[in-house]
Amino acid sequence: MPSTFRRDWITRPIFRLAAHALPRLSDTEREAIEAGDVWWDADLFTGNPDWNKLLTFAPARLSAEERQFLDGPAEELCRMVNEWKIGWQLHDLPPEVWDFLKAKKFFAMIIPKAYGGLGFSAYAHSEVIRKLSSCSITTAVTAMVPNSLGPGELLIKFGTEAQRNYWLPRLARGEEIPCFGLTSPEAGSDAASMIDTGVVCRGTYEGREVLGIRLNWHKRYITLGPIATVLGLAFKLRDPDHLIGNRDDIGITLALVPTHLPGISIGRRHLPALLVFQNGPNWGHDVFIPMDNVIGGVEQAGKGWKMLMSALAAGRGISLPSLSAAGAAFCANVTGAYARIREQFHVPIAKFEAIQERLGRIAATAYLLDAARRMTCAALDEGHHPAVVTAIMKEQATERLRVAVADAMDVHGGKAIIEGPLNYLGSLYRGVPIAITVEGANIVTRALIQFGQGAIRSHPYLLKEMQALEEADRARGLDAFDRAFWGHVGHSLANMLRAWGRAWTGGLFAPAPGAGAATKYYRQLSRHAAAFALAVDLSLLTLGGALKRKEMISARFGDILSELYLSSAALKRWNDEGRQADDFALLAWCMEASFATIETRFDELLANFPNRPVAWVLRFFIQPLGPRRRGPSDRITDKCAELITTPSAARDRLTVDLFHPAETEGENGIALLERAFAMTAAVQPIRDRMHEARVRDIDQALKQRTTTADEAQRLKAAAEAVAAAIAVNDFAPEELTGRGAAKQGDEPSQATSPAASPSISEPTPPDQVPYPPAAAE
Ligand SMILES: Cc1cc2nc3c(=O)[nH]c(=O)nc-3n(C[C@H](O)[C@H](O)[C@H](O)COP(=O)(O)OP(=O)(O)OC[C@H]3O[C@@H](n4cnc5c(N)ncnc54)[C@H](O)[C@@H]3O)c2cc1C
């Protein structure tokens, strides 16, 4: 029991004051905050993260069955799809791919085995999406949706037994194709403001008169909508005749709507960024469904927002982060290879420092995103649903993918811009804004969710204080507030000392586990975590509820929290993978970039903090000398670039389990590139010898006996492979206007019939390809 003197004479007036100062939550905010739980984010908010807890947390692993699926059906599916053909010829997945997706239960990865699904772990689910993303974005998005936010997950979590028994086996067998309709023209990011309605009434359903709901809606952007057989629908339910209770407005409700019912218009398609996964609007006019179709039954009517938020808490951490991690690793794979084989000014472009700058960033991004993906999946598999962490993952992964793809495009130059079957980057590039917009558009996620919700949810005391303030029994509320408030004060004072001590000593003595060369990074993170915790408390104290409107301040806090999370993941990956010396440059790049961002954001926060005296005090405690870190050095960047431009175990670790098409798989740009890369690397010692002998031409080298006949042959074969890999497509004019479409065969092929099929620009004959000086200049 708290001391009554402290409670009555000190806490009580603060209790009254705090009731006005602390942010008030709307119902939808409260439901979002109460959904999910906290995990490593809560440790970061303490200002003193327990590194041993992080390092001993078991890394995610695949079961034998999951591994078989990844190497079996997932690999087979990748071999069946051709993104070019899907996008530009069929405008859909081919029927045999749809059948395969259903038959092999790609749509049922999250459905428990008891209902006929695959019952995969979050990590296995993520691995499958990652693999599919590395071969076809259209296929990956198609497989992603039924496994993320949608009827499946909602039924598993909230469905009645009858609903689960009926729907889940049908979804698992692919007899039903689901979609989920939340977004409407008026309500995008502010989805809770939807004007789609349901009215409780009696009506006739399948010949019986039953209690049900009359629905009217207009949704748009709905993935799988045009082909869905069952629509998970979010709407606002009203009960004017009080048929299910005594309230008029029941609130946001979720129901399953079979799409064949009268009054439904479905089937028209959007074309999202020219990608052709099924997506479109749908409408319902006076559609009647029985009350049994409300997910969770009548007791769950009005609880739709909470259900959505809790389903999103996990889903947001898997789908788009997996696609993004795949995208970044894919960029590392192809861009490293391309920079190695593409030569300009008689030198592989990988040797130019300005290219290395981009290559280094791509490589480190691939390392970081996969580290964070694995760590987050491990947490999900341990049963956590950390809503703040998954919001960080969604926003950060997709934003970093945007940078990685842009870097990859720039390094490829025209090769990535010219569309055709030889272009392996175009659809990923077009898909990035989609990943950024869906499941919570990134600007909102960064400015409102990561820190806005994190400060309340992951903070050790704030939520307890807020709950105490809202307690109906004032005496109980005061007791609870007294405990939380004084705990908070102690926490703030401890962090003030920590932050000051760690900042003024440059983090030299901050806590760190014994982690070899990486120990210094833990120290810096401990230092920044303490500074973050102190800055959070002073912001809450001085800005209170106004912090919600200070989106630029909140977004910077969100960035710092994100950096702390992602860097923790990078450190954990390095540790879990056995502290690979060759990967250390990647870790160093991630950590240095992270420290630079953290310090810059702190500096910006202090410069823009509305309460100036508090900003000065805070600067004294956390950043007395201003931002000092400048990001990764050129030497580290160079090492990271080198790592993806040379075949090695480290390169393989970065690109593990991506899809690698076989050379035989038609005109496949990636297969051609990987072949050229391997051959170029293999002939490097011969080229080094030629370089030393100052011979450029193969025939001359042969004449001078710098190379053997066999070596000359291998050099020519490598040059041919490079010429094929750098080729791009061109088209007969009538193909592009559609007039020649009927003449086209199914298989886009090389320039065998230039008038009728896409062709590749005439490659430079191999013996005219100048044999440049050796790569190692
Ligand atoms: C290809 C695709 C597939 C989709 N699939 C589905 C689906 O299957 N089911 C479904 O229900 N929905 C789906 N969506 C909808 C998606 O979730 C919404 O697009 C998203 O919620 C954003 O809504 P909006 O596009 O209307 O943007 P708006 O809400 O109009 O936002 C525009 C911009 O304003 C920003 N913004 C909004 N409010 C704030 C604020 N308070 N502070 C700062 N910035 C703010 C946003 O971040 C965004 O940058 C899909 C969308 C796309 C494009």
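Numbering of ligands and ligand atoms starts at 1, following listing order. Values reported hereafter were calculated over all heavy atoms of this structure, with side chains retained and with hydrogens, waters and symmetry mates removed.
- Q453 pairs by the side chain to side chain donor-acceptor pair (under 3.5 Å) definition with nothing, not counting sequence neighbours.
- Atom CZ of F158 is surrounded by more than 12 heavy atoms from other residues, nucleotides or ligands within 6.0 Å.
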Polar pairs, ligand 1 vs protein, N/O only, below 3.5 Å.
unit_1: ligand 1; atom_1: 5 (N); unit_2: Y221; atom_2: O; d: 2.7
unit_1: ligand 1; atom_1: 5 (N); unit_2: T223; atom_2: OG1; d: 2.9
unit_1: ligand 1; atom_1: 8 (O); unit_2: T223; atom_2: N; d: 3.0
unit_1: ligand 1; atom_1: 9 (N); unit_2: F180; atom_2: O; d: 2.8
unit_1: ligand 1; atom_1: 11 (O); unit_2: L182; atom_2: N; d: 2.8
unit_1: ligand 1; atom_1: 11 (O); unit_2: T183; atom_2: N; d: 2.9
unit_1: ligand 1; atom_1: 11 (O); unit_2: T183; atom_2: OG1; d: 3.2
unit_1: ligand 1; atom_1: 12 (N); unit_2: T183; atom_2: OG1; d: 2.7
unit_1: ligand 1; atom_1: 23 (O); unit_2: S189; atom_2: N; d: 3.4
unit_1: ligand 1; atom_1: 29 (O); unit_2: S189; atom_2: N; d: 2.7
unit_1: ligand 1; atom_1: 29 (O); unit_2: S189; atom_2: OG; d: 2.6
unit_1: ligand 1; atom_1: 42 (N); unit_2: E551; atom_2: OE1; d: 3.0
unit_1: ligand 1; atom_1: 42 (N); unit_2: E551; atom_2: OE2; d: 2.8
unit_1: ligand 1; atom_1: 47 (O); unit_2: V444; atom_2: N; d: 3.3

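- Relative orientation of the F100 and F106 rings is tilted, given thresholds of 30° and 60° on the angle between their planes.
- Residues that satisfy the side-chain contact (heavy atoms from CB on, under 4.5 Å) test with V38, not counting sequence neighbours, are D41, A42, R457, S458.
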Show me the side-chain donor-acceptor pairs of residues 432-450 shorter than 3.5 Å, one per line, residues at least two apart or across chains.
unit_1: T437; atom_1: OG1; unit_2: P433; atom_2: O; d: 2.8
unit_1: N442; atom_1: OD1; unit_2: K394; atom_2: NZ; d: 2.7
unit_1: N442; atom_1: ND2; unit_2: T398; atom_2: OG1; d: 2.9
unit_1: N442; atom_1: ND2; unit_2: E399; atom_2: OE2; d: 2.9
unit_1: T445; atom_1: OG1; unit_2: G440; atom_2: O; d: 3.0
unit_1: T445; atom_1: OG1; unit_2: A441; atom_2: O; d: 3.0
unit_1: R446; atom_1: NE; unit_2: D559; atom_2: OD1; d: 2.8
unit_1: R446; atom_1: NE; unit_2: D559; atom_2: OD2; d: 3.2
unit_1: R446; atom_1: NH2; unit_2: D559; atom_2: OD2; d: 2.7
unit_1: Q450; atom_1: NE2; unit_2: E395; atom_2: OE1; d: 2.9

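- For F532 and F602, the ring centers sit 6.0 Å or farther from each other.
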